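Small disclaimer: the values here were computed from a predicted structure and weren't measured.
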Amino acid sequence: MPDTSTGVVVIGGGSTGAGVLRDLALRGIDAILVEKGDLASGTTGRSHGLLHSGGRYCVNDEQAAIECVEEGRILRRIARSTVEDTGGYFVSVTEEDQAWEPRFAEGCRRTGITCERISVDEARRREPALSKHVRTVFWVPEDGHLDPFYLVVGNVESARRRGARVMTHTEVSGFLREGDRLTGVRIRDSKTREEGTIACQSVINATGAWAGLVARLFGVEVKVVPVKGTMVVLSRRLAHAAINRCHKPGDGDIVVPGLSVSILGTTSAKVPHPETLPIEWDEVRRMIEEGAMMLDGVTTARAMRAYAGVRPLYDLGAEAEGREMSRNFAVIDHQERDGIKGFTSIVGGKVTTFRLMAERVVDVAARYLGVSTPCTTAEVPLNDRDEPLDQLRHRPSVLGVPKPHDEEPPLQPLLCECELVRPQDVAPWFKDPAVHDLEDVRRRTRSGMGPCQAAICSYRLAARLVTDRGVDGPTATRAMADFLETRWRGVRHVFWGSQLRNMQVTTGLHMELYNVDRQLMLDPVAGTSPPPLAGEGRGGGLAQEPAEVAAQR
């Protein structure tokens, strides 16, 4: 791995790291982002995708609520194409919920959250699926759905156009220092194990739940409490808007409409390590039971997947745990706290507030570098240039419709019918050296994330490996099998009823029609390790990841 140098090394490819990279680039600071997996493969990509209005925190965590309000409004300006303005409802279904309502209404007023109480009849007219248990309803128009994958990719591509560099599947194995000054990082290709170094003047640790582990490589302590949240994906959209339970935040009290599906969330449980995230059957059952209190159809819809993410809550030393801990964030200047020049950590927070978090930590790094250029990420939109990779948007609005009598383009052949992904949507990513396998393609295009869970598009994606990257047939087959394996790890937690029948169809398709198992047996490297894709390292395989983590994807 070649050695190189830069001004700032950003560790972590989630929303915060991507936001930091873009902020640095907009200030004219040379930077490299290093991520041990793929972009958005950690906490960000495992969120439920709710763009918080702040209503969930307005009673118990006022500062977090205010930040959500302000950042949500900024994101609607700068990242318009990653946000769906669904609005949201806070509904009461028990007497205890109704007792919470005065505090909720007062919290909204105090934190500046737009909130209106409407009649149940009016709410049911707007959302026919509201359950018979619903007693009272508050309309909160600033809730929304935020696509975490497009958000991260949009920030990174904006930074790359301004000269920033990205190294995915590259882990930091140590730091370089001269006395009390940090001078660089040691890196290792997580697929080839090749090692190298990056010389730099400053390092920003934006690794979320992993921040304490990274800081420990330098011999300093950052207290981060990893808190697991389990979510269940239903195969169709049950409501137009986000549905929240109007009570003190608890398990199973959010239903988020995520494009064509609904996401039930979430649990909250401390775990010993950010990569130890087993999904328990009781958690899945609880999500479904609690969701059914708010929406009809939750118990009859096909639960097609379960996954878990880990919240990076910052330990302020208080007695609070889990949901009692603040969703606020903290910037740790290790020069000020630990006497290490050039090292800064950002911990806590949430996806909705990633831009503000990036601004605060880059302010510290820029001051260290002697750069006085102010932050402009709240004003400059992500899609500020007319380039193909900027076209991050909800595809149904741009696919076009068949109008033979005018100049509208005809419908394009689709690569993934569930998520309306066209061949031209994936083509640029097969040319990107930061994209290593089909899972990386999925995070950039949503291919394979819909109701059929890659049953069909996996073959088309594998074919693109042959035509676009020049790999041979066995290599493409192995990559496809690895891609299907990652889908299966999330499906197995909801393996009953209609999902069981769906998987029987999928299995028959792969095994009986396409003979995937026989093709893999003929693969000379099968049973050893996944082969490389176009000489870029091992493709598709997740053999080195804990099974619990891989199950979330």
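- With sequence neighbours left out, the side chain to side chain donor-acceptor pair (under 3.5 Å) criterion links Thr43 to no other residue.
- The backbone N or O of Leu238 lies less than 3.5 Å from a partner atom in the side chain of Ser262, making a donor-acceptor pair.
- Side-chain polar atoms of Trp210 and Glu275 form a donor-acceptor pair below 3.5 angstrom.
- A salt bridge (charged side-chain N to carboxylate O under 4.0 Å, His left out) with Arg444 holds for exactly one of Asp425, Asp147, Asp437, Asp38; it is Asp38.
- Between the side chain of Thr267 and the main chain of Thr230, a donor-acceptor pair closer than 3.5 Å is present.
- When all heavy atoms are compared, the tightest approach of Trp429 to Arg469 is O-NH2, 3.8 Å.
- Salt-bridge check for Asp85 with Arg80: passed, with a basic side-chain N closer than 4.0 Å to an acidic carboxylate O.
- Of all non-hydrogen atoms in Ala454 and Phe483, the two that sit nearest each other are CB-CE2, 3.7 Å.
- Judged by distance alone, the side chain of Glu127 and the main-chain N or O of Ala241 form a donor-acceptor pair under 3.5 Å.
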Just do the side chain to side chain contact (heavy atoms under 4.5 Å, CB included) check on Leu264 and Ile254 with the steps written out, would you?
CA-CA 6 Å; Leu264 311 178; Ile254 302 176; over 6 Å; no

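- Salt-bridge check for Glu84 with Arg237: passed, with a basic side-chain N closer than 4.0 Å to an acidic carboxylate O.
- Taking NZ from Lys350 and CG from Leu50, the interatomic distance works out to 8.5 Å, rounded to the nearest 0.5 Å.
- The main-chain N or O of Tyr514 is found under 3.5 Å from a side-chain atom of Gln519 such that the two form a donor-acceptor pair.
- Checking side-chain atoms of Ser131 against main-chain N and O of Met293 turns up a donor-acceptor pair under 3.5 Å.
- Identified under the salt bridge (Lys or Arg N to Asp or Glu O under 4.0 Å) test for residues 286-303, with sequence neighbours left out: Arg245-Glu290, Asp251-Arg286, Arg285-Glu289.
- Here the two rings, on Tyr307 and His493, have centers that are 6.0 Å apart or farther.
- Between the side chains of Thr475 and Asp472, at least one donor N or O lies within less than 3.5 Å of an accepting N or O.
- Between Pro257 and Ala239, the closest heavy-atom pair is CB-O, 3.6 Å.
- Here the side chain of Thr445 pairs a donor or acceptor atom with the backbone of Val441 at under 3.5 angstrom.
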Salt bridge (Lys or Arg N to Asp or Glu O under 4.0 Å) between Glu96 and Lys248, worked out
CA-CA 10 Å; Glu96 288 78 9; Lys248 184 178 180 180; over 6 Å; no

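- Aromatic ring centres of Trp488 and Phe495 lie closer together than 6.0 Å.
- With no hydrogens or angles considered, no side-chain donor-acceptor pair links Ser53 and Glu142 at under 3.5 Å.
- One finds the CZ atom of Arg124 at 10.0 Å from the NZ atom of Lys132 (value rounded to the nearest 0.5 Å).
- Judged by distance alone, with hydrogens and angles left aside, the side-chain atoms of Asn515 form no donor-acceptor pair with the main-chain N or O of Arg518 at under 3.5 Å.
- Using a distance-only test at 3.5 Å, with no hydrogens or angles considered, no donor-acceptor pair links the side chain of Asn502 to the main chain of Ser498.
- Looking at heavy atoms from C-beta onward, Thr82 lies in side-chain contact with Leu146 at the 4.5 angstrom threshold.
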Might you work through the side chain to side chain contact (heavy atoms under 4.5 Å, CB included) test for Thr16 and Met357, ending with a clear yes or no?
CA-CA 7 Å; Thr16 305; Met357 296 167 63; 3.6 Å; yes

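- Rounded to the nearest 0.5 angstrom, Ile456 CD1 and His510 NE2 are separated by 7.5 Å.
- In this structure, Tyr57 and His52 have tilted ring planes: the angle between them lies in the 30° to 60° band.
- Shown are Val166, Thr168, Ile11; of these, the side-chain contact (heavy atoms from CB on, under 4.5 Å) with Leu33 is made only by Val166.
- Ion pairing between Glu171 and Lys36 fails under the 4.0 Å rule for side-chain N and carboxylate O.
- Checked against the 6.0 Å centroid criterion, the rings of Phe104 and Phe138 qualify as a close aromatic pair.
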Check step by step if side chain to side chain donor-acceptor pair (under 3.5 Å) holds for His247 and Asp253.
CA-CA 9 Å; His247 66 180; Asp253 56 1; 3.1 Å; yes

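- Closest approach of Leu415 and Ser447 over heavy atoms only: CD2-OG, 4.2 Å.
- Taking every heavy atom of both residues into account, Val34 and Thr170 meet most closely at CG1-O, 3.1 Å.
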Applying side chain to side chain contact (heavy atoms under 4.5 Å, CB included), run through Phe90 and Asp143 and close with a yes or a no.
CA-CA 10 Å; Phe90 281 73; Asp143 266 353; 3.8 Å; yes

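- Taking both residues in full, the closest heavy atoms of Val261 and Leu234 are given as CB-O, 3.1 Å, listed atom of the first, atom of the second, then distance.
- Between Lys431 and Asp468 there is no salt bridge, since none of the side-chain N atoms of the basic residue sits less than 4.0 Å from a carboxylate O of the acidic one.
- A side-chain donor-acceptor contact under 3.5 Å links Gln453 to the backbone of Gly450.
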